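Just so it is clear, the values below take in all heavy atoms, side chains as well, and ignore hydrogens, waters and symmetry mates. Each chain gets a letter, A, B and so on, in the order its sequence line appears, and its residues count up from 1. The structure displayed is predicted, hence computed values, not measured ones.
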Number of protein chains: 2
Amino acid sequence: MVAPPKSPGRPRSEDARLAILQAVDGMLVEEGYAAMTMKGIAERAGVGRQTVYRWWSSKAEILLEACTHDAIDELTVPAAESAAAEVAAFLGALAAFLTGSDAGLAYRALLGEAQHDEAVAKLLREADILGGAAARTIRRVQSHGALAGEGDLRGLVAELVGPLAFRVLAGDAAGIEGELEGMAERFLAR
Amino acid sequence: MVAPPKSPGRPRSEDARLAILQAVDGMLVEEGYAAMTMKGIAERAGVGRQTVYRWWSSKAEILLEACTHDAIDELTVPAAESAAAEVAAFLGALAAFLTGSDAGLAYRALLGEAQHDEAVAKLLREADILGGAAARTIRRVQSHGALAGEGDLRGLVAELVGPLAFRVLAGDAAGIEGELEGMAERFLAR
DNA sequence: CTAGATTCAAGTCATGGTGTCTCGAAATCG
DNA sequence: CGATTTCGAGACACCATGACTTGAATCTAG
């Protein structure tokens with residue numbers, strides 16, 4: 001995964017990279033998105049400004065890198081007995097991710113930015129964070145033979161993720177936990 | 001709806017108000033969200049900067065006012081014969097709104113901003129643009145007796161709007177029109 | 001070990017947006 | 001008329017941006 005350094009010159013500092021990612025993560029949580037500036041990131045990371053600009057061209061790119069790994073972890077659920085339990089577990093993980101996790105906060109910030117920045121939209125489409133995780137759960141459920149009908153994968157992902165994601169994005173997620181099982185059942189019965 | 005002017009002093013200029021709303025609309029479409037600045041809005045509207053700040057405290061507030069009226073129009077569908085046709089018509093209007101309309105572009109920009117700005121989130125929650133429109137369609141379908149099961153209104157709205165909205169927000173809306181009827185059927189059969 | 005290449009932290013700089021303030025003119029009230 | 005409020009226009013200090021410079025550090029190739 002990590003290419004051995006071939007080119008001459010001083011190699012990229014892993015310390016600086018991690019300090020920047022951590023600074024972005026911390027600033028987003030502690031100070032909010034508005035207070036997150038490239039200048040502030042560099043200062044908080046104890047890093048030159050150019051060092052930030054050399055490797056990322058925008059806040060969004062850093063945020064995406066900071067978000068991706070955690071997101072995959074947080075959205076991966078262990079195999080369950082029944083398909084219903086597995087879907088419900090995924091929805092629980094998704095709700096926790098979107099409403100409570102640092103990575104989820106970053107994801108929502110990115111999705112927000114993508115609504116008025118095509119470059120961010122492209123990045124997010126390529127990373128496909130939610131879609132990838134949902135697709136893994138859907139394929140497992142399909143292999144249990146528990147999902148009726150055809151339906152292309154992208155449509156299925158939208159039906160699984162959409163209702164929950166929309167409520168969170170619209171700021172209407174209070175008490176959503178009690179509805180996850182019902183959502184899982186409805187998805188499987190579609 | 002419009003309070004008659006009671007206080008002394010020069011009344012608020014309706015011309016200025018409309019010029020500002022129109023400037024915001026045009027700038028969002030023609031130049032994009034990033035190029036939309038309070039300064040630019042004032043200049044494009046031919047209006048003093050203070051005149052903008054006096055009545056709105058952020059881009060988001062102006063955008064919301066510019067969006068709300070059009071949104072209600074665009075998301076209101078005529079009564080149809082069957083419940084399925086009515087739901088499908090609403091989803092068609094919603095898809096057109098989210099992907100093609102100026103007001104929908106503004107709505108998406110606002111929803112995006114809301115992900116990292118609690119003040120915008122509050123505004124959007126109070127305006128409840130999508131939720132209100134969806135609730136009207138749902139109530140009509142319920143009065144036809146065509147919607148099984150209980151389910152609170154907010155949950156129903158999320159199930160109706162969520163899958164489509166998520167696909168659009170995630171930038172995966174290509175060829176969505178062909179799936180609207182299936183989505184409508186699935187919603188009614190839940 | 002040297003020469004060349006690349007990165008590092010730190011800082012400077014012009015540009016442009018922010019939000020507040022001031023100004024004189026205009027409009028509406030009592 | 002006088003008080004009050006809005007109007008357009010612009011000045012102002014402040015801050016983020018992103019390109020640029022500097023001198024040191026760290027790597028490869030020869």
Side-chain angles (χ1 to χ4, degrees), chain A residues 2-24 26-28 30-63 65 109 112-113 116-120 123, chain B residues 2-24 26-28 30-63 65 109 112-113 116-120 123:
Chain A
V2 178
K6 289 287 187 179
S7 59
R10 180 174 179 170
R12 175 177 183 180
S13 161
E14 184 68 8
D15 285 358
R17 181 181 150 263
L18 291 177
I20 291 168
L21 292 177
Q22 204 171 335
V24 166
M27 287 184 84
L28 182 63
E30 292 165 29
E31 306 174 44
Y33 188 88
M36 249 188 64
T37 66
M38 295 294 256
K39 190 182 177 187
I41 292 166
E43 283 165 9
R44 176 157 175 158
V47 143
R49 204 122 45 105
Q50 190 62 247
T51 304
V52 182
Y53 280 107
R54 192 183 331 263
W55 301 107
W56 298 276
S57 57
S58 66
K59 278 181 288 185
E61 284 186 17
I62 316 179
L63 217 45
E65 187 164 335
E113 211 55 10
H116 38 65
D117 186 332
E118 176 53 34
V120 178
L123 283 175
Chain B
V2 177
K6 289 287 188 180
S7 60
R10 181 174 179 169
R12 176 177 183 180
S13 160
E14 185 68 8
D15 284 359
R17 183 181 148 263
L18 291 176
I20 290 168
L21 292 177
Q22 205 171 334
V24 165
M27 287 183 85
L28 182 63
E30 292 165 28
E31 305 173 44
Y33 187 88
M36 250 189 64
T37 65
M38 293 295 256
K39 190 182 177 185
I41 291 165
E43 282 165 10
R44 177 159 174 157
V47 143
R49 201 117 56 100
Q50 191 62 251
T51 304
V52 181
Y53 280 106
R54 192 183 332 263
W55 301 107
W56 298 278
S57 58
S58 67
K59 278 182 288 185
E61 286 185 15
I62 317 180
L63 217 45
E65 187 163 334
E113 211 54 12
H116 38 65
D117 185 334
E118 176 54 35
V120 179
L123 282 176

Please state how far atom CZ in A/Arg17 lies from atom C1' in C/dT7, giving the value in whole angstrom units. 16 Å

From B/Gln22 CD over to B/Ile41 CD1, what is the distance, rounded to the nearest 0.5 angstrom? 13.5 Å

Nucleotide nearest B/Val47 (side chain, heavy atoms from C-beta), chosen from C/dC8, D/dC20, D/dG8: D/dG8

Which atom of B/Ala16 lies closest to which atom of B/Val47, heavy atoms considered: CB-CG2, 4.0 Å

Expressed as a whole number of angstroms, how long is the span from B/Arg10:CZ to D/dT5:P? 14 Å

Whole-Å gap separating C1' (C/dG16) and CD (B/Glu43): 11 Å

Roughly how many Å is it from CD1 in A/Ile20 to C1' in C/dC8, rounded to a whole number? 11 Å

Can you tell me if A/Arg12 touches the phosphate of C/dT6, counting only side-chain N or O atoms and a distance under 4.0 Å to OP1 or OP2? no

Verify the contact: side-chain N or O of B/Trp55 to OP1 or OP2 of D/dT5, cut-off strictly under 4.0 Å; return yes or no. no

Are OP1 or OP2 of D/dG8 and a side-chain N or O of B/Thr51 less than 4.0 angstrom apart? yes

To the nearest angstrom, the CD-P distance between B/Glu14 and D/dC7 comes to 11 Å

Strictly below 4.0 Å, N to O, side chains only: are A/Glu65 and A/Arg17 in salt-bridge contact? yes

Could you tell me the separation between the CE atom of B/Met36 and the CD1 atom of B/Ile62, rounded to the nearest 0.5 Å? 6.5 Å

If I take atom CZ in residue A/Arg44 and atom P in nucleotide C/dA9, what distance separates them, rounded to the nearest angstrom? 17 Å

Measure the spacing between NZ of B/Lys39 and CZ of B/Arg49 and express it to the nearest 0.5 Å. 6.0 Å

Under 4.0 Å: is that the gap between some side-chain N or O of B/Ser13 and OP1 or OP2 of D/dT6? no

Among D/dA9, C/dA5, C/dT28, which nucleotide sits nearest the side chain of A/Pro8? C/dA5

Can you confirm whether more than 12 heavy atoms, excluding those of A/Glu31, are under 6.0 Å from its CD atom? yes

By nearest atom, which of the nucleotides D/dT26, D/dA19, C/dC8 is closest to the A/Arg54 side chain? C/dC8

Nucleotide N/O to protein N/O under 3.5 Å, stretch nucleotides 14-17 of chain D:
| residue | atom | partner | partner atom | Å |
| --- | --- | --- | --- | --- |
| D/dT17 | OP1 | A/Met38 | N | 3.4 |
| D/dT17 | OP2 | A/Met38 | N | 3.0 |
| D/dT17 | OP2 | A/Lys39 | N | 3.2 |

Interatomic distance, A/Leu28 atom CG to B/His116 atom NE2 [nearest 0.5 angstrom]: 9.0 Å

